[in-house]
Amino acid sequence: PHAGAPTLAALALAEIRRLEAVFSLYLPDSALVRLNRDGQLADPPFELLQCLSLAGAVHKASAGRFDPSVQPLWRAQARATERGTALSPAERAAALACVGWSGLSVTPEAIVLRPGMGLTLNGIAQGFIADRVADLLARHGLTRALIDTGEMVALPEGAWPVRLPDRDLALQGRALATSAPLGMTFGGDGQTSHIIDPVTGQPAPLLWRSVSISAPSAALADALSTAGCLMADRDAIHGLCRQFPGAKAEALIAA
């Protein structure tokens with residue numbers, strides 16, 4: 001119920017489309033597709049630099065569990081699923097050899113990948129986009145709104161009721177993200193997680209049904225919840241959250 005609602009909604013959708021042109025793995029001319037295709041990207045968008053900076057911080061804090069350079073493994077697993085066979089040990093080893101955050105060079109002038117590398121920001125970009133939409137609405141004077149791009153951001157006024165698997169949460173002035181190893185599976189088989197472990201090269205083990213984390217930003221919550229799905233126990237997830245002020249594990253549902 002806001003006089004400018006249609007205009008604000010249109011602005012929000014335009015911002016989402018603008019950022020899709022940065023982060024999408026499917027739009028043929030997105031910044032990320034061009035980076036993966038060419039191995040380098042000159043004059044990268046500021047938003048891509050921001051996102052990679054945060055990704056690097058979570059990568060370090062999670063001892064490498066959060067690693068957007070798993071894209072070669074993701075592609076290899078997807079190809080195997082398409083042909084209806086298991087990924088062979090040799091194929092997995094070849095893809096895993098292309099994984100490694102240290103192979104990424106990031107400067108304001110250019111992003112450069114080690115040959116064979118590829119990035120996916122699907123574990124952080126949805127949250128990043130939610131944050132940017134929240135910022136846009138705040139700049140236009142809104143103080144009460146909930147943005148949901150798959151990850152949620154609540155503006156400072158109002159307590160938005162969110163139902164978690166084990167309880168209800170009032171979200172106000174912060175963000176929430178939930179990751180689930182079986183939230184999406186390769187080929188829809190209900191078993192092969194879309195989250196890839198960068199250490200083993202295997203789809204995430206089914207340790208958790210879901211991991212929900214709140215934080216000051218949805219991008220951070222998104223990355224932390226993704227990393228949490230690859231951690232063996234609650235203490236490790238809580239320890240990861242403590243490295244980022246304001247981050248909190250809200251619901252850790254064992255498989």
Can you tell if the side chain of [X] reaches within under 4.5 Å of the side chain of [Y], non-hydrogen atoms only?
{"X": "Val33", "Y": "Ser24", "result": "no"}
{"X": "Glu82", "Y": "Phe186", "result": "no"}
{"X": "Leu87", "Y": "Thr81", "result": "no"}
{"X": "Leu146", "Y": "Leu171", "result": "yes"}
{"X": "Leu54", "Y": "Gln50", "result": "no"}
{"X": "Arg132", "Y": "Ile129", "result": "no"}
{"X": "Pro165", "Y": "Arg209", "result": "yes"}
{"X": "Ile237", "Y": "Asp235", "result": "no"}

Non-hydrogen atoms of [X] and [Y] that approach each other most closely:
{"X": "Ile196", "Y": "Pro203", "answer": "CD1-CA, 4.1 Å"}
{"X": "Ala247", "Y": "Leu224", "answer": "CB-CD1, 3.7 Å"}
{"X": "Leu230", "Y": "Pro205", "answer": "CD2-CD, 4.2 Å"}
{"X": "Cys229", "Y": "Trp208", "answer": "O-CD1, 3.8 Å"}
{"X": "Leu48", "Y": "Leu121", "answer": "CD1-CD1, 3.6 Å"}
{"X": "Gly118", "Y": "Leu113", "answer": "CA-CD1, 4.2 Å"}

Common cluster, [X]/[Y], ILVMFWY with side-chain heavy-atom separation under 4.5 Å:
{"X": "Leu220", "Y": "Val211", "result": "yes"}
{"X": "Leu25", "Y": "Leu119", "result": "yes"}
{"X": "Leu11", "Y": "Phe128", "result": "yes"}
{"X": "Val70", "Y": "Leu35", "result": "yes"}
{"X": "Leu49", "Y": "Phe23", "result": "yes"}

When rounded to the nearest 0.5 angstrom, what is the spacing between [atom1] in [X] and [atom2] in [Y]?
{"X": "Met152", "Y": "Leu169", "atom1": "CE", "atom2": "CG", "answer": "9.5 Å"}
{"X": "Met117", "Y": "Ser69", "atom1": "CE", "atom2": "OG", "answer": "4.5 Å"}
{"X": "Leu164", "Y": "Ser212", "atom1": "CG", "atom2": "OG", "answer": "5.0 Å"}
{"X": "Thr192", "Y": "Asp189", "atom1": "OG1", "atom2": "CG", "answer": "3.5 Å"}

Between Arg79 and Glu91, is a salt bridge (charged side-chain N to carboxylate O under 4.0 Å, His left out) present by the stated rule, with each step listed? CA-CA 10 Å; Arg79 286 195 297 267; Glu91 289 172 321; over 6 Å; no

For [X] and [Y], indicate whether the former's side chain and the latter's backbone hold a donor-acceptor pair under 3.5 Å.
{"X": "Arg92", "Y": "Leu73", "result": "no"}
{"X": "Gln243", "Y": "Ala61", "result": "yes"}
{"X": "Glu151", "Y": "Asp222", "result": "no"}
{"X": "Arg167", "Y": "Glu250", "result": "yes"}
{"X": "Ser210", "Y": "Ala180", "result": "no"}
{"X": "Asp131", "Y": "Ser217", "result": "no"}
{"X": "His194", "Y": "Met184", "result": "yes"}
{"X": "Ser30", "Y": "Ala21", "result": "no"}
{"X": "Asp38", "Y": "Gln40", "result": "no"}

Would you indicate whether Arg83, at its atom CZ, is surrounded by more than 12 heavy atoms from other residues, nucleotides or ligands within a distance under 6.0 Å? yes

Transitive ILVMFWY cluster of Ile253, excluding itself - 4.5 Å side-chain cut-off: none

salt_bridge(Arg18, Glu47) N-O dist < 4.0 Å: yes

